[in-house]
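What follows is a single structure, written as structure tokens, with notes after it.
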Amino acid sequence: MEKNQIIENLNTIAQLMELDGENPFKVRAFLNAARVLESEARDLSTLVKTGELSNLQGIGKSLTEAITEMVQKNKSTPLMELQKKFPAGLVECLKISGLGPKKLKILYQELGINNVGELEYACKENRLLGLKGFGLKTQENVLKGIAALKKFQGRFHLDMAWATANQIVSYLKAQHKGLQIEVGGSLRRWRETIGDIDLLIASDSSAEKIIRTFQKIPEREAVLAAGPTKASIRLQSGIQVDLRVVRAEEFPYALVYFTGNKIHNTALRARAKDFGYKLNEYGLFKGTKLIPCKTEADVYAALELQYIPPELREGFDEIEIAAEHKIPKLIEAEDIQGVFHVHSDWSDGINTLQAMQQEAMRLGLRYMGQSDHSQSATYAGGLDETRIKSQMTEIEGLNKKAKNFHIFKGIESDILADGSLDYTPKILKQFEFIIASVHSRFKMTKSQMTERILKAIQNPYTRILGHMTGRLLLAREEYEIDTEKIIEAAAKNRVAIEINANPHRLDMDWRFLKKAKAAGVKFFINPDAHSTAGLSDTWLGVHLARKGWLSKEDVINTGTLAVVAKYLSSKESL
DNA sequence: GCCGTTTTCGGCCCGACTGTTTTCAGTCG
């Protein structure tokens, strides 16, 4: 069984256990194990064989057994046992907002509800009303939840979520002068997709007023909840926005509380407890005495921790490393000096080369690596030999005219099914850099796809591996690859790995960056721009790089023009 | 189910809001 399937099974087991009324801590153990596997780059079957699986934090005897069975026997006894107890469609019902395992179990047992469709029908027949703990409101909310589930798959791209959040922040600030407001949650952690937007506001006296304003935002579709300090709305776009108001002195603690993921926060509270403190959104307390903190950094410092940037608060090992004060200085937006992976109207971009150049200069960049599609990408207007020559001539002309800006001549070459690049060596040689990417034949087996990419990495002309997993967020699954082998090969062959900053890709996955860095891999943060506007996606990529613990030194396009030129030419002699 | 310098049992984070309740359970974050 492949890793993705195993992770999915662990999550399903956890959900079914909840329905079954299992010990919540046992449920958490399964969810935690799924998360651990998600961020483990090493090959699972190897981990099973060597017995290293049980060394992973959070994976003990039972989970080792369960995972081993899935790896070796391609089945899961605990999952099958649970599936006997509940119909398959019931798990889907747990996605309905406002409906949890307890209520759902009652619906299953009392009304024989098997799936979302039957539940919707039962609501419309008013059959929920007679049940203990259910009333008219609950029934209406379930119906609304079903409608929302159908309409919106419930996740949103990072760029859209930030644009929406900024819009709401501006609106609230316009209505309430001098408002202290911050975005929290997964958005502040720059997760690649977002479920909802969390906003945190400091106010000592106008909480209710602010919440009233919030409920009246023009884009709202529905007010889901509203109390004196907390409210939720859903916008017409389908995205949910949660607002929380705290007193000014509580703000730093609340910001910590509403930024870290569950695991990070749990660990932080546990650490507070070790120090004899209690930590919640209102403060850090010793008994009833507040430990005064003005900033988030003060809160971490009070727990003898180095400040942990929001991007890192995912509940991996950041707290242990912060305790040793060994969190590196992360890359920042202004470190970027130029961008690679840029398309123009020579292939499937919408703007001219010159327009792309002008926009890059306007953004304060010093260089740009032009890489239109290669000839196999006929759907994208890939370049044949003649057009390559013409484009190079145009680039040389632009370079002559522009002061302090340089365009590198490159190509995004398709990695063909057999792993070869898309041109003869004679042509490949003419480029200053080559990004090798997979754009077709996604459904190969894991070993075939891995071999294909390994061969491309070993090609002496490849300098950058483009969008490594091929995923399109919320649209297309990644293809199966052996991440560890590819990382090793990239390090060995001095091929940089791209952090594709296009909000639909954000690929390679940030979870593996730290591992790749440790293996000696270097990176490019590339916009994969198909328009002048797309160039600005680069800065999304910077946050993803930060999530992967990368520093300026790890990213090639933080270097000066001279440094990058040298980097690109240094492999020519191979 | 996991974990352990309070170690093999007994913890495992904590509070707001809703809707159903007559004092609280369920859900969510």
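Comparing B:dT18, B:dG19, B:dC13 by their closest approach to the side chain of A:Thr138 singles out B:dG19. When distances are taken from the side chain of A:Lys102 to each of B:dG15, B:dG26, B:dC13, the shortest belongs to B:dG26. Minimum atom distance to the side chain of A:Gln57 is reached by B:dC3, of the listed B:dC3, B:dC13, B:dG1. The nucleotide whose nearest atom lies closest to any side-chain atom of A:Arg244 is, among B:dC12, B:dA16, B:dG26, B:dA16. Set against B:dT18, B:dG15, B:dC2, the side chain of A:Lys230 has B:dG15 as its closest nucleotide. Comparing B:dC17, B:dG1, B:dC14 by their nearest atom to the side chain of A:Asn280 picks out B:dC14. For A:Lys278, counting side-chain heavy atoms from C-beta on, the closest listed nucleotide (B:dG15, B:dG26, B:dT18) is B:dG15. Distance from the side chain of A:Lys103 is smallest to B:dG26 among B:dC17, B:dG26, B:dC13. Proximity note for A:Ser62 (side chain, C-beta onward) versus B:dC12, B:dA16, B:dC2: the nearest is B:dC2. For A:Pro228, counting side-chain heavy atoms from C-beta on, the closest listed nucleotide (B:dC17, B:dC2, B:dG29) is B:dC17.
For the pair A:Ile59 CD1 and B:dC3 P, the interatomic distance rounds to 9 Å; values are reported in whole Å. We find that CG of A:Asp242 is positioned 14 Å from C1' of B:dT18, with the value rounded to whole Å. Distance, A:Ile201 CD1 to B:dA16 P: 18 Å, rounded to whole Å. Between the NZ atom of A:Lys95 and the P atom of B:dT27 there is a distance of 17 Å, rounded to whole Å. The nearest whole Å value for the distance from the CZ atom in A:Phe25 to the C1' atom in B:dC14 is 11 Å. Here the P atom of nucleotide B:dC12 and the NE2 atom of A:His264 are 19 Å apart, to the nearest Å. Nucleotide B:dC12 holds its C1' atom 15 Å from the CD atom of A:Glu22, rounded to whole Å. Protein atom CZ of A:Arg191 is 15 Å distant from nucleotide atom C1' of B:dG29, rounded to whole Å.
Among the heavy atoms of the strands lying under 4.0 Å from A:Leu99 are primed sugar atoms or P, OP1, OP2 only; no base atom is included. Residue-level contact check: A:Ala226 touches the backbone only, with heavy atoms under 4.0 Å from sugar-phosphate atoms and none from bases. The residue A:Ile96 sits close only to the backbone: its heavy atoms come under 4.0 Å of sugar-phosphate atoms, none of a base. At a threshold of 4.0 angstrom between heavy atoms, the contacts of A:Asn32 with the nucleic acid are absent.
Contact between the side-chain N/O atoms of A:Asn265 and the OP1/OP2 oxygens of B:dC13 is not found at any separation under 4.0 Å. Checking the phosphate oxygens (OP1, OP2) of B:dC13, a side-chain nitrogen or oxygen of A:Arg28 falls inside 4.0 Å. Within the structure, every side-chain polar atom (N or O) of A:Lys137 is placed at least 4.0 Å from both OP1 and OP2 of B:dT27. Within the structure, a side-chain polar atom (N or O) of A:Tyr282 is placed less than 4.0 Å from OP1 or OP2 of B:dA16. In this model, the phosphate group of B:dG29 is not approached by any side-chain N or O of A:Ser232 to a distance below 4.0 Å at OP1 or OP2.
Taking the side chain as every heavy atom from C-beta outward, A:Thr259 and A:Glu296 approach each other to under 4.5 Å.
Here, B:dA16 and B:dG11 have their C1' atoms 25 Å apart, quoted to the whole Å. Between B:dT7 and B:dC12, the two C1' atoms lie 15 Å apart (nearest whole Å). Remark: the separation of the C1' atoms in B:dT20 and B:dC13 is 26 Å, to the nearest Å. Nucleotides B:dG1 and B:dT5 have their P atoms positioned 23 Å apart, rounded to a whole Å. B:dG10 and B:dG15 have their P atoms separated by 25 Å, given to the nearest Å.
Nucleotide B:dT7 is shown with a syn base, its glycosidic torsion being within 90° of 0.
A:His157 and A:Thr193 form no side-chain donor-acceptor contact under 3.5 Å, judged by distance and modelled atom types alone. Inspection of the A:Ser237 and A:Glu219 side chains reveals no N or O donor paired with an N or O acceptor under 3.5 Å. Side-chain contact check for A:Asn115 and A:Glu92: no donor-acceptor pair (N or O, by modelled atom type) lies under 3.5 Å. Under the 3.5 Å distance criterion, with hydrogens and angles disregarded, a donor-acceptor pair is assigned to the side chains of A:Gln5 and A:Asn9.
Taking a cutoff of 4.0 Å between a charged side-chain nitrogen and a carboxylate oxygen, A:Arg546 and A:Glu311 qualify as a salt bridge. Salt-bridge formation is detected for the pair A:Glu81/A:Lys84: a Lys NZ or Arg NE/NH1/NH2 atom is positioned less than 4.0 Å from an Asp or Glu carboxylate oxygen.
Remark: A:Lys517 fails to qualify as a cation-pi partner of A:Phe523 under the 6.0 Å distance and 45° angle criteria applied to the six-membered ring.
Projected onto DNA chain B by closest heavy-atom contact, A:Lys273 and A:Gly227 fall at different nucleotides, the more 5' of which corresponds to A:Lys273. Take the nearest nucleotide of DNA chain B for A:Ala225 and for A:Ala270: the residue whose nucleotide is more 5' is A:Ala270.
In a base pair of the Watson-Crick type (N1 to N3 plus N6-O4 or O6-N4) or a G-U wobble (N1-O2 and O6-N3), with each distance short of 3.5 Å, B:dT8 is matched with no nucleotide.
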